[in-house]
Undergrad: 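Dumping the structure here so I can ask a few things about it.
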Amino acid sequence: LYLDKLRTAIATCPEAQQEELEGHCAPEQLEFLRSFVAQRFQHLHGGLKMCQIGFNAGHSAAALLDQAPEGSVLLSLDLGHHSYTKPLERVVSSLAQEHGQTHLLLEGNSAEMLPRFRHIEFDLIFIDGNHAYEVCGGNTGPLCTGRCPVVAHLRRPPPAEAVKLDMLLCMEMATQEQLEDARARMKELDGQEE
């Protein structure tokens, strides 16, 4: 598994030892991503075109690529604020190459970079950058054609025992009414964080 190899690399990465890793998807969320790619694209011939907003230490990139077919390309956009991001991206890129895939990391603000990619019809977009709905929803506007599933890793308010609760929301080919309901609910939940 890509994730096992990435975890080994994180454990031996000097930069990851010097700087505490920023949060990432929980194991069950990573398994959701792996399963989603496997089930959704099992009959696809040729590679996927995927875009990920937020790379950090590469957990979600490894999960997305793990079940993607040969020839797949994952474009990751990240601010690049952590010293461990580049060394761990090299690990993910190497794993991808071993399986006939490509991983590209571009550093910068996704809101500024995404419009440059509007000509690409992505098969999947994963948002794991700024977790507020306004940013998540606004990030994908230039890329969504209505056929492309968007998976967002959204931060939720902590319960009383101060345990961080994350959830994955998959909006796949939803009707306009369903999307509006989901957006309203996400805004409501985002407001509870304050």
Side-chain angles (χ1 to χ4, degrees), residues 1-7 9 24-80 85-86 88-108 110-111 113-131 135-154 166-174 179 182:
L1 286 174
Y2 284 50
L3 285 165
D4 292 337
K5 292 181 179 180
L6 178 64
R7 286 184 189 109
H24 57 82
C25 293
E28 56 273 6
Q29 294 168 326
L30 295 169
E31 184 54 36
F32 170 86
L33 287 175
R34 291 180 68 251
S35 298
F36 182 81
V37 171
Q39 292 171 11
R40 167 78 183 186
F41 302 107
Q42 66 182 333
H43 301 296
L44 181 76
H45 298 290
L48 295 174
K49 291 179 282 190
M50 300 180 286
C51 180
Q52 171 181 242
I53 299 167
F55 178 83
N56 190 31
H59 293 85
S60 52
L64 290 166
L65 288 165
D66 188 76
Q67 295 296 310
E70 188 174 327
S72 293
V73 176
L74 173 59
L75 170 65
S76 294
L77 308 176
D78 192 88
L79 291 171
T85 297
K86 284 184 182 180
L88 295 175
E89 189 281 328
R90 288 191 288 273
V91 171
V92 171
S93 286
S94 177
L95 290 169
Q97 286 179 343
E98 290 173 17
H99 295 90
Q101 303 164 329
T102 303
H103 179 261
L104 303 166
L105 172 67
L106 298 180
E107 290 187 352
S110 61
M113 290 191 289
L114 278 174
R116 299 178 200 157
F117 301 104
R118 73 176 128 238
H119 64 284
I120 299 173
E121 290 188 29
F122 288 102
D123 299 301
L124 174 66
I125 298 171
F126 178 65
I127 303 170
D128 194 20
N130 183 328
H131 299 284
V135 177
C136 290
N139 267 338
T140 60
L143 303 178
C144 288
T145 63
R147 297 185 353 239
C148 175
V150 175
V151 179
H153 176 211
L154 300 172
D166 288 322
M167 69 180 260
L168 284 168
L169 172 70
C170 177
M171 297 185 289
E172 181 182 355
M173 295 186 208
L179 286 173

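Quick note: residue numbers are just sequence positions, from 1.
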Undergrad: Does S35 reach the main-chain N or O of F32 with its side chain, forming a donor-acceptor pair under 3.5 Å?
TA: no
Undergrad: Any donor and acceptor pair, going by atom type alone, linking the side chain of D123 with main-chain N or O of M50 inside 3.5 Å?
TA: no
Undergrad: Between A62 and L6, which heavy-atom pair has the shortest distance, and what is it?
TA: CB-CD2, 4.1 Å
Undergrad: Does anything in residues 51-64 pair up under side-chain hydrogen bond (donor to acceptor under 3.5 Å, both in side chains), and if so which pairs, sequence neighbours excluded?
TA: Q52-S60, Q52-S76, N56-Y84
Undergrad: Got a sec, which pairs hit salt bridge (Lys or Arg N to Asp or Glu O under 4.0 Å) with one end in residues 62-71, sequence neighbours left out?
TA: R34-D66
Undergrad: Taking Y2 as the fixed residue, which of R7, Q67, H99 is the one that meets the side chain to side chain donor-acceptor pair (under 3.5 Å) rule?
TA: H99
Undergrad: When you look at F126 and V37, which way does the side chain to side chain contact (heavy atoms under 4.5 Å, CB included) test go after all the steps?
TA: CA-CA 11 Å; F126 178 65; V37 171; over 6 Å; no
Undergrad: Using the side chain to side chain contact (heavy atoms under 4.5 Å, CB included) rule, take E98 and K5 through it: C-alpha gap first, then chi angles, then the decisive distance, then the call.
TA: CA-CA 12 Å; E98 290 173 17; K5 292 181 179 180; 4.0 Å; yes
Undergrad: Would you say that L48 contacts L124 through its side chain, given a criterion of any heavy-atom pair below 4.5 Å between the two side chains?
TA: no
Undergrad: Under 6.0 Å between the ring centres of H103 and F55?
TA: yes
Undergrad: For the residue pair Q97 and S93, confirm or rule out a side-chain donor-acceptor distance under 3.5 Å.
TA: no
Undergrad: Looking only at non-hydrogen atoms, find the nearest pair between G47 and P69 and report the distance.
TA: CA-CG, 4.3 Å
Undergrad: Taking the side chain as C-beta and beyond, is there a heavy-atom pair between L105 and T85 under 4.5 Å?
TA: yes
Undergrad: Checking side chain to side chain contact (heavy atoms under 4.5 Å, CB included) between V92 and each of L65, L64, L74, which is the one that passes?
TA: L65
Undergrad: Tell me the closest heavy-atom pair linking L77 and C51, and the distance in Å.
TA: CD1-SG, 4.4 Å
